[in-house]
Amino acid sequence: MKRFCLWLLILTLLLSSTVAGAMGGHPSARDPSTIPLIEPPPFTVKARAGLLLEAGTGMVLVNQNGEVPLVPASLAKVMTLRLAYKAIKEGRIRLSDEVTISENAWAQAVGGSLMFLEPGTKVNVEDLLKGIAIISGNDACIAIAELLGGSAAGFVAMMNEEAKALGLTSATFVDPHGLSAQNRISALDMAKLSAVYIRDFPEALTLHSTQSFTYNKITQHNRNGLLGALPGVDGLKTGNTDEAGFNLVATALQGPMRLISVVMGAGSIPLREDESALLLSHGFAKYTVLEQIKAGEVKGTVPVLKGARQAVDIVAEKPVNILVPRKASTQVDQSKKLPDKLTAPLTKGQAVGEAILSFRGQELGRTNLVVAEDLPRGSWFRVIWDTIRTFVQGWFKKG
C-alpha cells in the first residue's frame, strides 16, 4: 500500500507539471517572478541521505544530509570504473587485454556479489567491466585493481588520489569494491563523482543500462530496479552492506536534462528504488533545462581599427544550458560585456568579452565572446588613417 501511494505521488508530480504548463496565465497560477530558482521539495527522503543533481549545470535540486560522509558499499565501484575507463582512454589498457585471475581475485576469497572468477583463468578487460557495472562483481574489482595498481592497495591509493583531484573532500576509499565499512563518501560527492564519470565516459552507460550479464554460463541480473521502470533511466549503481543500508545512485536523461539521484542508507531495496524514483520524478516535473546560447551564435558586431575590414562579428565560444523552474522559464536575463572597438590584427577564437545569463540576480552561466574570424591589419593607408583619427578623437575628448 505504501509503495502504491508513493507511485501515486510521483504520477501527481508529473501531471501537475503538465497542467501548470497548460494553464499559462490562469489567474490562480503563481506569479513566475516570485518563484525562487530552487524550492524545497514537498517530501522527505526516507533514508539517511537523499540528493538530486542536474548533471549538465551542476545544480543541486534536493539536498537532505548530502554533506554527511556515509558508507557507500558498492557505490565505491563507480570510482573503480572511472579509473578503468581513464586507463583505456589514455591507452594504458585495452578492452581486449586478457587478465590472469590471481588467488586474491578468486571468487571464494572475496565474497559478496561475484562474477565467479576462478584463479588461473584469463578474462578480458571488457568482461571484467561488465561484471562490475552490471552485476557488481567484487572479484572483478580486485582483478581490475591488480591490473592497474599492481595490487589492491596500490589501486586504492589511485582511487584516493583521483578523489582528491576531483575535489571530493568527503571521500575515503580503503578497497576497490566497497565491502569495507571504513569506506566513506557523502551523497553530494557521490553525485559529483557520478556526473564527471558520465561526462567523461558516456560509453559506460551502455553497460550500466544492460539488464543482465552471462559469464561462464552463469546469468545474473542488474540490481538497479529502475531500469525499464522509469522513463530515461540508464544507470547507475546499487550498493548494500549491513553498515551502509541500501544505496542507489540512479541517473535518467529526458530531453536535454540529465538528473542524478543519490539515496544512501534506505531500509530496503524497494525503498531505495521508490525514493530514487521520487527524486527523479520531482526534478523532471519541476525543472527544465534551456539552451539559451548556442556555440558560434553571433552576439554582436564590433568596429575594428587598423584592420582589413572595419568591423568583425563576435560569437559565443561555447553553448550555455541553464536550469530554471518550469513556471519561470521566461524570467532569464542575458547581458553581455563587449569593448566599444578593437584593434587589428585579430585571431579567430580570440576572447574579447563575455555573455552572462542570470535569474532574478543569480548568475546561471556564462561564456566567452570570441572573434568569429581572422582579421589581419589593413593597408598602410588604413593604419595611418585610423591612427590619426584615434589621436584627433582623443585630443577633442580631452578638450
Side-chain angles (χ1 to χ4, degrees), residues 2-3 6 44-51 63-82 104-117 131-145 152-153 155-156 159-160 163 168 170-191 193-194 208 213 218 220-227 235-251 260-279:
K2 289 182 179 178
R3 199 166 194 188
L6 179 62
T44 299
V45 179
K46 297 179 180 66
R48 292 172 194 162
L51 191 125
N63 186 347
Q64 180 180 311
N65 299 326
E67 289 82 11
V68 179
L70 297 170
V71 181
S74 286
L75 301 190
K77 293 182 173 78
V78 174
M79 179 61 86
T80 297
L81 287 163
R82 174 177 172 79
N104 293 327
W106 183 22
Q108 292 186 25
V110 182
S113 301
L114 297 168
M115 188 173 164
F116 296 105
L117 300 174
I132 299 170
I134 302 170
I135 59 175
S136 201
N138 296 324
D139 46 359
C141 288
I142 296 296
I144 287 292
F155 185 76
V156 167
M159 294 172 74
N160 286 311
L168 308 179
S170 71
T172 301
F173 298 105
V174 300
D175 60 46
H177 38 56
L179 279 175
S180 172
Q182 301 305 310
N183 290 295
R184 289 289 187 278
I185 193 170
S186 69
L188 178 58
D189 278 349
M190 194 66 232
L193 171 59
S194 301
H208 288 284
F213 175 55
I218 302 172
Q220 298 184 70
H221 296 279
N222 197 316
R223 293 169 175 81
N224 184 355
L226 295 187
L227 292 172
L236 190 65
K237 194 70 198 73
T238 62
N240 167 234
T241 62
D242 290 342
E243 297 83 2
F246 294 86
N247 300 341
L248 174 58
V249 176
T251 183
I260 297 172
S261 65
V262 182
V263 172
M264 300 182 72
S268 67
I269 291 176
L271 189 58
R272 76 181 177 190
E273 292 175 358
D274 288 346
E275 298 304 285
S276 298
L278 182 60
L279 283 165

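Heads up: numbering here begins at 1 and tracks the sequence.
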Trainee: Not counting sequence neighbours, which residues clear side chain to side chain donor-acceptor pair (under 3.5 Å) with Asp189? List them please.
Mentor: Ser170
Trainee: Are Leu236 and Ile260 packed together at the side-chain level, in the sense that at least one heavy-atom pair is separated by less than 4.5 angstrom?
Mentor: no
Trainee: With a 4.5 Å limit on heavy-atom distance, are the side chains of Thr251 and Ser194 in contact?
Mentor: no
Trainee: Could you state the interatomic distance from OG (Ser261) to CG (Leu51), rounded to the nearest 0.5 Å?
Mentor: 9.0 Å
Trainee: Taking the side chain as every heavy atom from C-beta outward, state whether Lys46 and Leu271 have any atom pair closer than 4.5 Å.
Mentor: yes
Trainee: CG of Leu75 to CE of Met264: how many Å apart, nearest 0.5 Å?
Mentor: 5.5 Å
Trainee: Do the non-hydrogen side-chain atoms of Leu279 and Val263 ever get within less than 4.5 Å of each other?
Mentor: yes
Trainee: Report yes if the side chains of Asn240 and Arg272 come closer than 4.5 Å at any heavy-atom pair, otherwise no.
Mentor: yes
Trainee: For a side chain to side chain contact (heavy atoms under 4.5 Å, CB included) check, start with the C-alpha distance between Val249 and Met190, then their side-chain angles and the critical distance, and finish with the verdict.
Mentor: CA-CA 8 Å; Val249 176; Met190 194 66 232; 3.6 Å; yes
Trainee: At their closest point, which heavy atom of Gly235 faces which heavy atom of Leu227, and how far apart are they?
Mentor: N-CD2, 3.7 Å
Trainee: Output yes when a side-chain donor or acceptor of Gln64 lies under 3.5 Å from a complementary backbone atom of Gly50, and no otherwise.
Mentor: no
Trainee: Is there side-chain contact between Glu275 and Leu248, with heavy atoms separated by less than 4.5 Å?
Mentor: no
Trainee: Using the side-chain contact (heavy atoms from CB on, under 4.5 Å) criterion, which residues pair with Asp175? Sequence neighbours excluded.
Mentor: His177, Leu179, Ser180, Asn183
Trainee: Mind checking what makes side-chain contact (heavy atoms from CB on, under 4.5 Å) contact with Gln220, not counting sequence neighbours?
Mentor: Phe116, Ile135, Ile218, Arg223
Trainee: Going by side chain to side chain donor-acceptor pair (under 3.5 Å), name the pairs with one or both residues in residues 73-82, residues two or more places apart or in two chains.
Mentor: Ser74-Lys77, Ser74-Ser136, Lys77-Ser136, Lys77-Asn138, Arg82-Glu162, Arg82-Asp200
Trainee: Treating Asp139 as the side-chain partner and Met115 as the backbone partner, does any N or O pair qualify as donor plus acceptor under 3.5 Å?
Mentor: yes
Trainee: Side chains of Leu117 and Ile142, heavy atoms from C-beta outward: is any pair under 4.5 Å?
Mentor: no
Trainee: Can you measure from CG (Leu278) to CD (Glu273) and round to the nearest 0.5 angstrom?
Mentor: 13.5 Å
Trainee: So, for Leu226 and Ser276, which heavy atoms are closest and what is the spacing to 0.1 Å?
Mentor: CD1-CB, 3.7 Å
Trainee: Residues in side-chain contact (heavy atoms from CB on, under 4.5 Å) with Ala244, at least two apart?
Mentor: Val71, Ala73, Thr241, Asn247
Trainee: Tell me the closest heavy-atom pair linking Pro72 and Ile185, and the distance in Å.
Mentor: CB-CG2, 3.7 Å
Trainee: With sequence neighbours left out, write down each residue that passes side-chain contact (heavy atoms from CB on, under 4.5 Å) with Ala163, or none if nothing qualifies.
Mentor: Met79, Leu168, Ala171, Phe173
Trainee: Where the side chain of Asn63 meets the backbone of Gly66, is there a donor-acceptor pair that is under 3.5 Å apart?
Mentor: yes
Trainee: In Å, rounded to the nearest 0.5 Å, how long is the span from NZ of Lys237 to CG of Asn222?
Mentor: 7.5 Å
